[in-house]
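Shown next, in structure tokens, is the structure this report addresses.
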Amino acid sequence: MRWTQTLISTLRDAPQDAEIPSHKLMIRASLIMKLGGGLYTFLPLGLKALRKVERIVREEMDRAGALEVLMPALQPREIWDQSGRYEVLRDGMFKIRDRQDREMVLGPTHEEVITDLAARQINSYRQLPKTFYQIQTKFRDEIRPRFGLMRAKEFSMKDAYSFDVSWEAADASYQAMYDAYVRIFARCGLATKVVEADTGAMGGNFSHEFMVLADAGEDGLAECEGCTYAANLERAERATPARDPETTPQHPEAVVTPGKKTIEEVSAFLKLTPDRLIKTLIYLANGKPIAVLVPGDRDLNEHKLARALGGVTLQMADDQTIAKVTGAPVGFSGPVGLKIPVYADLDLKTPRVAAVGANVADTHLRNVLLNRDASVTEFYDLVIVREGDACPRCGKRLREKRGIEVGHVFKLGTKYSKTFDAGYLDADGNRQISVMGCYGIGVTRTLQAIIEQSHDANGIIWPLSVAPYQVCLVVPNTQHAESVRVAEDFLKTLEAQGVDVLFDDRDERPGVKFKDADLLGIPIRVVVSERSLADGKVEIKLRTEADKKMIPLADAVAFVESIIRGEK
RNA sequence: CGGGGCGUAGCGCAGUCCGGUAGCGCGCCAGCUUUGGGAGCUGAAAGUCGUGGGUUCAAAUCCCACCGCCCCGACCA
């Protein structure tokens, strides 16, 4: 391809609305263009790279035995009512009506549709196991789209769904997808970290996320310095901290703390460090008030709380509810004398002298011992894990990192197969329910994650496998006819070999061309110039390396091909 | 939805406080020179100053409302 025939308009400056490196580079390198918040057009260069990621995904899905299908993005509301997720996802979905006033949604995911497919198409255990996948545009009404393709309203996703005769069999399907994911991301040149994850609104009981470690990542994760434990912060657990039990002969003493509501305010006022306070939060669990206690210097992890209480729906209590159950305004809640269930973090199980809200306006209690002065319904690990906490597996230190979630594999179980009656007849003629798994890869997000993980001050550094072009052919001076002639020859030969070549045939100064080549990040740069031709050579430079090699004209094509085959 | 910021030519920005002929750099177009790391000169094109209303002799600038975009938070598969 000739530069002058395709459409590549590079930008010297990044638009003001791009924040992170990958986003800026995608715009500057002319890969994508914004239409509106969370909506992007793929320009020719960006689309070429996207197609390469898709091809890798397809090849590995096919290799893993998954079957490609294509389901409608436009779906009737009814199947979402049937699964009950119309209510669960609600505002997260784009909803539209057709001219008959029938309600439709633009699919944010396809569990409902695929399970309906399986229910109709699969009748016998002989047809199982089956894994289906598709690469398709998803729509989600994101509260806050951001960072270009990282969180968009419309994006490309590879979703796969497995159906098995049993839980044991489902494990094998899960593992096959897990292994395929490892290969896919490796082939994309991505270093990923697999973490245990929360299943959220998807349901199911077990899942792993594939994370690309990056400061710009939206997810926090914890990894152990000593063992392989790693988990999304939404799920990460910690070993109960060891500490000596405390006691005091003193009894709870009311202290007037006018207007001191937050931990910081109370801590400063009482001259106690935050860990000497106990934070009392009032929640509604499935609509019923409960109190949750965590050390004053820690934050509650709502996901863990919801799971500990058997998957309840949590909601922070409103001011009226708090006043009703504690007898005091917000900011002065405490566990002493509460008549509602009280759940406390494990760290609080070991008695310690602390200050708490008094359930009286402008008043706190100090010298409180939880085990003596209050009653706790149950202790669980409830706080958000942070750097330095102890690993739940081996007790060593946990480290905090940030990551971009590019893939997620779930063991779903029978949640959807039950509601859609996706089952089969077993060998004995008995009706059984299929066990499902579901597996997603954010394809457009993966593309951007590659750039986020592989760039430098000059631009993108594409891995060969996903680079829009493998070779960038540069003629520094297009006035030099011989250079152009040799380059044209080169272009023809390489393209005939199936190599993706971008020939920079613009009448630009050399500096412009080199800067652009670096910005675009094409892995192999071949320069044909009057200078190199004088020695009968061309110059070959890899984007990943600083040095260039001078290769005799006659060997150049073979040299490039050997690089592409991974031999150089 | 809460907090903050921004909206002026394709991109980056100045001008807004203090009302008075809409500017700069890059890019784009034409010509000449130049040709190994974002060239020089000359000339040209390009702007409903986010939208609507108001105040005023006069509004990019002051007032009101709305829209869009970005960041933080809440939320999230």
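Chain letters run A, B, ... following the sequence lines, proteins first and then strands; every chain starts at 1. Side-chain atoms are counted along with the backbone in the values below, which use heavy atoms only and exclude waters and symmetry mates.
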Query - Pairing partner (Watson-Crick or G-U wobble, both distances under 3.5 angstrom) of G73(B) - result: C1(B)
Expected list for residues 442-451 of chain A: side-chain donor-acceptor pairs under 3.5 angstrom, two or more places apart:
from      : atom 1 : to        : atom 2 : distance (Å)
Thr444(A) : OG1    : Ser156(A) : N      : 3.2
Arg445(A) : NE     : Met150(A) : O      : 2.8
Arg445(A) : NH1    : Glu405(A) : O      : 2.8
Arg445(A) : NH2    : Met150(A) : O      : 3.0
Thr446(A) : OG1    : Gly442(A) : O      : 2.6
Gln448(A) : OE1    : Leu149(A) : N      : 2.8
Gln448(A) : OE1    : Met150(A) : N      : 3.2
Gln448(A) : NE2    : Ser22(A)  : OG     : 2.9
Gln448(A) : NE2    : Phe147(A) : O      : 3.0

Report summary line: Checking N1-N3 plus N6-O4 or O6-N4 for Watson-Crick, or N1-O2 and O6-N3 for wobble, each under 3.5 Å, the partner of U55(B) is none
Query raised in the report: P atom, G50(B) versus A14(B): distance in rounded Å?
Result: 14 Å
Query raised in the report: Under 4.0 angstrom, heavy atoms only, what part of the nucleic acid is Ala14(A) near: base, sugar-phosphate, or nothing?
Result: sugar-phosphate
Report task. Indicate yes or no: does Asp299(A) engage Arg386(A) in a salt bridge with an N to O separation below 4.0 Å. Result -> no
Query raised in the report: What does C18(B) pair with, Watson-Crick or G-U, if both distances are under 3.5 Å?
Result: none
Query raised in the report: Side chain of Arg151(A), base of C76(B): donor and acceptor closer than 3.5 Å?
Result: yes
Report summary line: Glu530(A) meets the side chain to side chain contact (heavy atoms under 4.5 Å, CB included) criterion, sequence neighbours left out, with His480(A)
Report summary line: Between CD1 of Ile20(A) and C1' of C71(B) the distance, given in whole Å, is 13 Å
Query raised in the report: Quick one: what's the B/S/- string for nucleotides 33-44 of chain B, heavy-atom cutoff under 4.0 Å, read 5' to 3'?
Result: -BBBBBB-----
Query raised in the report: How would you list, by chain and number, every residue that makes a side chain to side chain contact (heavy atoms under 4.5 Å, CB included) with Ala230(A), sequence neighbours excluded?
Result: Lys193(A), Val195(A), Glu223(A)
Query raised in the report: In whole Å, what separates the C1' atom of C75(B) from that of G7(B)?
Result: 27 Å
Query - Salt bridge flag under 4.0 Å for residues Arg2(A) and Asp504(A) - result: no
Between side-chain atoms of residues 533-542 of chain A and protein atoms elsewhere (two or more places apart, or another chain), which donor-acceptor pairs fall under 3.5 Å?
from      : atom 1 : to        : atom 2 : distance (Å)
Glu539(A) : OE2    : Arg525(A) : NH2    : 3.1
Lys541(A) : NZ     : Glu545(A) : O      : 3.0

**Report entry** Whole-Å P distance, U16(B) and A74(B)
**Finding:** 38 Å
Query raised in the report: In Watson-Crick or G-U wobble terms, both distances under 3.5 Å, what is the partner of G10(B)?
Result: C26(B)
Report task. Not counting sequence neighbours, which residues clear side chain to side chain contact (heavy atoms under 4.5 Å, CB included) with Ala291(A)? List them please. Result -> Thr280(A), Ile282(A), Leu338(A), Ile340(A), Val342(A)
Report task. Could I get the full list of salt bridge (Lys or Arg N to Asp or Glu O under 4.0 Å) partners for Asp171(A), not counting sequence neighbours? Result -> Lys411(A)
**Report entry** Pairing partner of U61(B) (Watson-Crick or G-U wobble, both distances under 3.5 Å)
**Finding:** none
Query - Paired nucleotide for C49(B) [Watson-Crick or G-U wobble; both distances under 3.5 Å] - result: none
**Report entry** Interatomic distance at C1', G25(B) relative to G52(B), whole Å
**Finding:** 33 Å
Polar atoms only, N or O, under 3.5 Å: list the protein pairs with nucleotides 67-69 of chain B and their distances.
from   : atom 1 : to       : atom 2 : distance (Å)
C69(B) : OP1    : Gly37(A) : N      : 2.9
C69(B) : O3'    : Lys34(A) : NZ     : 3.0

Report task. Provide the full list of salt bridge (charged side-chain N to carboxylate O under 4.0 Å, His left out) pairs with a residue in residues 6-18 of chain A, sequence neighbours left out, each pair given once. Result -> Asp17(A)-Lys34(A)
